[in-house]
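Note that these values count all heavy atoms, side chains included, but never hydrogens, waters or copies made by symmetry. Note that the numbering runs from 1 along the sequence shown for the chain.
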Amino acid sequence: MRTGTTVRAAALGAATLMMITACGGGEGGADGAEDAALTLVTGVYPLEWLAGRVGGDRVAVTQLTEPGAEPHDLELTGRQIGEVSEADIAFYVSGLQPAVDEAVEQEAADTALDVADVVELHPIGDDGGHEHEDEHAHEEEGEHAHEEEGEHEAHAEEDEEGHEEGDGHDHGEFDPHFWLDVDLMAEAAAALADRMAELDPDGAQTYEENAEAVTAELTTIGEEYDAGLTDCARHEVVVGHTAFAYLTEAHGLEQIGVSGVDPDTEPSPSQIAAIADIVEERDITTVFTEPLMPAATADTIAAESGAEVAVLDPLEGVTDQSPGDDYPSIMRGNLAALTAALECS
């Protein structure tokens with residue numbers, strides 16, 4: 001991770017370049033920046049999609065994370081730090097990308113719009129998932145369950161120690177993956193439209209109308225989820241990392257994660273074995289992997305338990321393995337994967 005001094009130095013080094021070039025994402029730059037009323041920079045795909053829908057042609061949106069790259073691992077170049085500094089709006093969710101958090105703090109504190117300030121993020125672990133079910137298992141399985149609890153606590157302590165030692169991806173107290181809840185996305189859209197209108201009053205009506213349109217689109221997706229997940233034979237969603245709490249909480253499902261909210265947390269063999277046991281004992285038929293994560297862990301659990309492997313996309317980016325090519329189509333692809341895995345009617 002860059003230090004604050006490094007961030008400031010890199011931004012100064014990029015200042016001249018930023019005066020010559022338009023704000024742009026990654027290596028290519030944002031299209032239409034010269035003609036746009038506002039420039040906006042963000043580091044994760046769902047916020048890029050939302051900004052594009054709300055801002056329309058009046059806002060040039062820069063994406064800092066290259067397509068297909070893991071957003072948690074983002075390290076900013078000098079040019080990108082300059083883009084953060086020069087943008088009219090730095091649109092981000094704190095706790096997701098340490099490099100973006102640091103650049104915003106050092107270079108864009110006055111222009112930042114942090115989603116954590118406009119929607120209610122959920123505390124990490126507050127997903128009604130695996131930990132809760134372990135408590136239920138203690139009642140039924142006696143000493144064996146207590147031994148597993150000790151193992152899980154030990155692994156949790158190891159994970160915490162790993163974060164404290166500076167792995168650079170500690171999400172902190174709150175889960176940043178809010179975009180899997182369409183209601184929270186709608187709240188973020190309204191807040192973004194308000195900020196854009198403040199900076200560009202001439203476009204206020206456009207931003208308001210765009211936010212209303214995207215809210216209607218999100219509402220439709222939410223209704224499809226409500227209908228599709230109402231009557232399911234199963235409710236357990238086994239995933240590689242617990243990025244799906246907002247989705248599972250909203251629809252009464254149980255998230256069972258091999259590792260925590262950070263995808264870089266490597267599960268131990270005992271953790272993998274424990275999840276495989278749960279999958280087999282509960283006759284869970286599907287273990288989910290993600291487009292931006294290796295499938296090895298899911299494959300191992302599936303091989304040991306007899307389950308199948310399918311893709312559930314946390315929408316941290318769009319790849320050729322995503323079940324769609326934009327936010328709405330990927331959300332619908334996730335719904336199709338869930339209704340098949342959970343045998344919903």
Side-chain angles (χ1 to χ4, degrees), residues 1-15 17-18 21 23-30 39-51 60-117 121 124 159-160 162-179 188 241 243 259-266 290-293 314-319:
M1 183 183 296
R2 299 175 183 272
T3 64
T5 300
T6 303
V7 169
R8 288 190 289 273
L12 288 172
L17 178 62
M18 288 302 301
T21 61
C23 282
E27 299 300 323
T39 57
L40 178 148
V41 63
T42 190
V44 66
Y45 171 72
L47 299 190
E48 177 191 11
W49 176 83
L50 195 64
V61 179
T62 294
Q63 167 63 282
L64 296 170
T65 302
E66 295 289 346
E70 168 54 60
H72 300 81
D73 297 333
L74 176 65
E75 292 292 340
L76 299 180
T77 65
R79 174 175 176 170
Q80 289 175 315
I81 294 167
E83 289 170 347
V84 173
S85 177
E86 294 294 320
D88 295 307
I89 303 172
F91 188 37
Y92 77 118
V93 53
S94 56
L96 177 69
Q97 296 170 296
V100 174
D101 292 353
E102 185 178 14
V104 168
E105 179 182 358
Q106 297 294 338
E107 302 296 333
D110 294 336
T111 60
L113 178 58
D114 184 357
V115 175
D117 292 334
L121 298 182
I124 288 178
D159 290 343
E160 290 173 3
H163 288 311
E164 290 171 0
E165 290 170 3
D167 63 6
H169 305 305
D170 186 356
H171 287 305
E173 184 180 355
F174 296 98
D175 182 350
H177 303 87
F178 78 95
W179 53 80
H241 86 291
S259 61
V261 72
D262 179 0
D264 290 333
T265 301
E266 189 71 23
E290 303 172 16
L292 293 176
M293 288 183 66
L315 259 161
E316 294 177 343
V318 180
T319 75

message = Donor-acceptor check, side chain of Glu107 to backbone of Ile81, threshold 3.5 angstrom: yes or no?
response = no
Nearest heavy atoms of Ile124 and Phe174, plus distance in Å = CG1-C, 3.5 Å
query = With under 30° as parallel and over 60° as perpendicular, where do the rings of His177 and His72 fit, or are they tilted in between?
reply = tilted
ask   = For the side chain of Gln97 and the backbone of Gly43, is there at least one donor-acceptor N/O pair under 3.5 Å apart?
value = yes
request  = Please report the closest heavy-atom contact between Pro291 and Thr319, naming both atoms and the distance.
outcome  = CB-OG1, 3.5 Å
task = Over all heavy atoms of both residues, which pair between Thr42 and Gln63 is shortest? Give the atoms and the distance, please.
result = O-OE1, 3.2 Å
task = Kindly compute the distance separating OH (Tyr45) from CG (Leu50), expressed to the nearest 0.5 Å.
result = 10.5 Å
task = Using the test side-chain hydrogen bond (donor to acceptor under 3.5 Å, both in side chains), find all partners of Asp114 that sit at least two apart in sequence or belong to another chain.
result = Ser94
Counterpart residues, side-chain hydrogen bond (donor to acceptor under 3.5 Å, both in side chains), relative to Asp101 (two or more places apart) = none
query = Roughly how far, to the nearest 0.5 Å, is the CG atom of Leu47 from the CZ atom of Phe91?
reply = 4.5 Å
task = Could you tell me whether the side chain of Thr39 and the main chain of Asp88 form a donor-acceptor pair under 3.5 Å?
result = yes
remark   = Interatomic distance, CD@Glu70 vs CD@Glu290, rounded to 0.5 Å, equals 8.0 Å
